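To start, the structure itself, in structure tokens.
Fair warning: this is a prediction, and the values are worked out from it, not measured in the lab.
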Amino acid sequence: MAVGVSLLVVVLSIFNGFQKQVKESLWQGGPHITIENSFGSGAIYDYEKVISHLQSDPKLKDFIISVEGNITSHGLIQSNNNFNPIMIRAVPIDSVERLLQNGLPNFPRILHYNRDEIQNINSKKLVVIGKEMSAIFGYGMGREITMAVPGGRFTVERGVQVNVQTFRLTGLFKTGYYNYDSKFVFLSLPVAQDFFKMKGAVNQIAIKVSSLDDLKQTKVRILNRLNEDNWNPSIQEKASWSVRTIAEEQENFLAALRLEKTIISIIVFLFIVLAALGMVATVHSLVRAKRKSIGTLKALGLASNDILLIFTLNAMVVGILSSLVGGMWGIFVATKLEVIISGLSEIINSVGSTLNPGDWNHMELVPKDIYYFDHIPVDIDISFIFMVTTASTILSGLAGYFPARWAANLNPVDTIRND
């Protein structure tokens with residue numbers, strides 16, 4: 001049972017850590033709530049008034065960190081002779097220093113940049129791309145990048161007009177979420193408004209919230225605020241608002257993570273159930289070995305309930321000790337998992353290079369370029385460990401109860417005579 005408890009603690013700590021890191025990467029990569037206009041071309045021309053209207057709501061002030069207009073659109077980026085699909089996002093950059101210090105709410109963390117060049121990001125055609133996109137397409141700092149976006153409304157005669165411009169790569173960012181780091185290109189809002197021919201307009205209003213637990217409540221409040229009667233008739237006539245949260249955008253992915261965690265938890269918990277069944281056999285063997293003693297004690301006047309209590313408590317004590325040892329060992333392994341795996345990797349590589357020095361390739365048990373994190377994420381949940389140890393103790397008591405009941409029902413005369 002101790003092995004089952006420790007295994008469950010380690011596995012769930014890894015899954016908790018992985019989920020936490022993925023969620024943090026998602027939350028840092030883009031806005032938490034986006035407001036879009038489904039009317040006409042989708043442009044929001046008086047977005048400053050919409051932002052002021054939202055910020056004037058005292059009930060929203062407690063939930064919202066920032067509200068700003070941005071442009072987010074599909075586009076194409078040229079690589080050799082091919083154009084590859086990407087996402088282009090433009091955000092207002094009110095301070096380059098805040099940008100470099102990662103203080104802008106909707107701009108990802110910049111790893112590398114040209115300090116002199118990036119000062120002109122609001123006036124020149126400069127872009128920041130993800131580190132993974134740089135590796136995929138082979139773009140280095142200072143590289144000229146050609147991008148294409150829709151440049152007008154669709155018409156039957158002309159089809160889709162395309163606007164093509166060349167930008168200069170001035171920085172690389174990393175969120176820790178592969179889809180952002182390999183697909184998104186960031187630039188300043190004034191440059192993007194010229195590129196998309198949306199002077200004075202945006203196609204999204206991006207919102208960051210203080211707590212992700214309040215996403216649904218904040219979304220409902222925003223919709224009610226935008227649909228209030230006659231707050232600005234000229235804007236409302238040209239708008240059909242839709243509000244979307246990041247949880248809704250990534251619903252399938254987050255659901256898959258939860259399902260994966262649940263399935264693994266059930267599988268590992270079955271080890272504990274199996275250990276409890278083994279305890280049934282152990283207590284049953286103990287009862288058979290102590291039949292004569294049980295018969296003697298009952299003949300001397302010990303009540304059947306006391307016999308039942310003795311053997312049930314015996315199983316529970318074993319369960320408590322197993323749970324404590326398993327929980328402590330699981331916490332130790334989870335906290336030292338990085339060191340343990342690194343040590344195992346070194347041992348395997350040492351043995352492999354010794355046995356096959358010419359053809360051995362260095363291996364990693366957890367390749368960082370595949371799993372896309374710098375370390376093995378571990379998040380130890382003490383409340384969950386307490387729940388596991390409590391469940392193990394209860395299972396141990398149940399496992400000991402049935403053999404103990406058989407012991408309590410033994411006939412002392414028959415037991416003494418036969419043994």
| task | List the steps, then state whether side chain to side chain contact (heavy atoms under 4.5 Å, CB included) holds for Q78 with I145. | result | CA-CA 7 Å; Q78 186 177 20; I145 297 176; over 6 Å; no
| task | Kindly determine whether H53 and E228 satisfy side chain to side chain contact (heavy atoms under 4.5 Å, CB included), including the steps that lead there. | result | CA-CA 10 Å; H53 181 62; E228 287 179 352; 3.6 Å; yes
| Run the side chain to side chain contact (heavy atoms under 4.5 Å, CB included) check on V91 and L189 step by step: do they pass? | CA-CA 5 Å; V91 301; L189 185 59; 5.9 Å; no
| message | L111 vs K131, test: side chain to side chain contact (heavy atoms under 4.5 Å, CB included). Steps then yes/no. | response | CA-CA 8 Å; L111 294 180; K131 186 178 179 181; 4.0 Å; yes
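In this structure, a donor-acceptor pair under 3.5 Å is absent between the side chains of Q204 and T34. Of the N and O atoms on the side chains of K125 and Q165, at least one donor lies less than 3.5 Å from an acceptor on the other residue. Using modelled atom types and a 3.5 Å distance limit, the side chains of N203 and E36 yield no donor-acceptor pair. R89 and S73 form no side-chain donor-acceptor contact under 3.5 Å, judged by distance and modelled atom types alone. Between T170 and N114, the side chains place no donor N or O within less than 3.5 Å of an acceptor N or O (distance only, hydrogens not considered).
Counting only heavy atoms from C-beta outward, the side chains of F195 and I71 never approach each other to under 4.5 Å. Side-chain atoms of S66 and I207, non-hydrogen and from C-beta on, never get closer than 4.5 Å to each other. Between V10 and W329, every side-chain heavy-atom pair lies at or beyond the 4.5 Å cut-off. L215 places a side-chain heavy atom less than 4.5 Å from the side chain of I33. Side chains of Q55 and V67 form a contact here, defined as non-hydrogen atoms less than 4.5 Å apart. The shortest side-chain heavy-atom distance between S56 and R225 falls under the 4.5 Å cut-off. Side-chain atoms of L187 and V128, non-hydrogen and from C-beta on, never get closer than 4.5 Å to each other. Using a 4.5 Å heavy-atom threshold, the side chains of K197 and N163 count as touching.
Among all heavy-atom pairs drawn from V243 and L226, the shortest one is CG2-CD1, 4.4 Å. Across all their heavy atoms, V149 and G75 have their closest contact at CG1-CA, 4.3 Å. Closest of all the heavy-atom pairs between L172 and S134 is CD2-CB, 3.8 Å. Between L54 and L60, the shortest heavy-atom contact is O-CD1, 3.7 Å. Between M198 and A43 the shortest heavy-atom distance is CE-CB, 4.1 Å. Closest approach of K208 and P105 over heavy atoms only: CE-O, 2.7 Å.
Atom CG in D46 sits 7.5 Å away from atom CD in E48 (nearest 0.5 Å). Distance OG/S210 to CG/D62: 8.0 Å, rounded to 0.5 Å. Remark: I118 CD1 to Y113 OH distance equals 7.5 Å, nearest 0.5 Å. Within the model, atoms CD1 of I394 and CD1 of I320 stand 10.5 Å from one another, a figure rounded to the nearest 0.5 Å. Between K59 atom NZ and T218 atom OG1 the span is 13.0 Å, to the nearest 0.5 Å. Interatomic distance, S188 OG to D94 CG, rounded to the nearest 0.5 Å: 12.0 Å.
Around atom CZ of F83, more than 12 heavy atoms belonging to other residues, nucleotides or ligands sit under 6.0 Å away. The neighbour count for M87 CE, taken as heavy atoms of other residues, nucleotides or ligands under 6.0 Å away, is above 12.
Of the possible polar contacts, none joining the D379 side chain to the S13 backbone as a donor-acceptor pair under 3.5 Å is found. Remark: the backbone N or O of P85 is not paired with any side-chain donor or acceptor of H74 at under 3.5 angstrom. At least one donor-acceptor pair closer than 3.5 Å links the side chain of H32 to the backbone N or O of V209. The main-chain N or O of L76 is never found under 3.5 Å from a side-chain atom of N84 such that the two would form a donor-acceptor pair. Remark: side-chain polar atoms of D181 are not paired, donor with acceptor, to backbone N or O of E132 under 3.5 angstrom. Side chain of N70 to backbone of A206: no donor-acceptor contact under 3.5 angstrom is found. No donor-acceptor pair under 3.5 Å is formed between the side chain of R143 and the backbone N or O of R168.
One finds a salt bridge joining E248 and K219 here, because a Lys/Arg side-chain nitrogen approaches an Asp/Glu carboxylate oxygen to under 4.0 Å. R221 has a carboxylate O that lies under 4.0 Å from a charged side-chain N of D57, or vice versa, which qualifies the two as a salt bridge.
Ring geometry for F173 versus F186: interplanar angle over 60°, hence perpendicular rather than tilted (30 to 60°).
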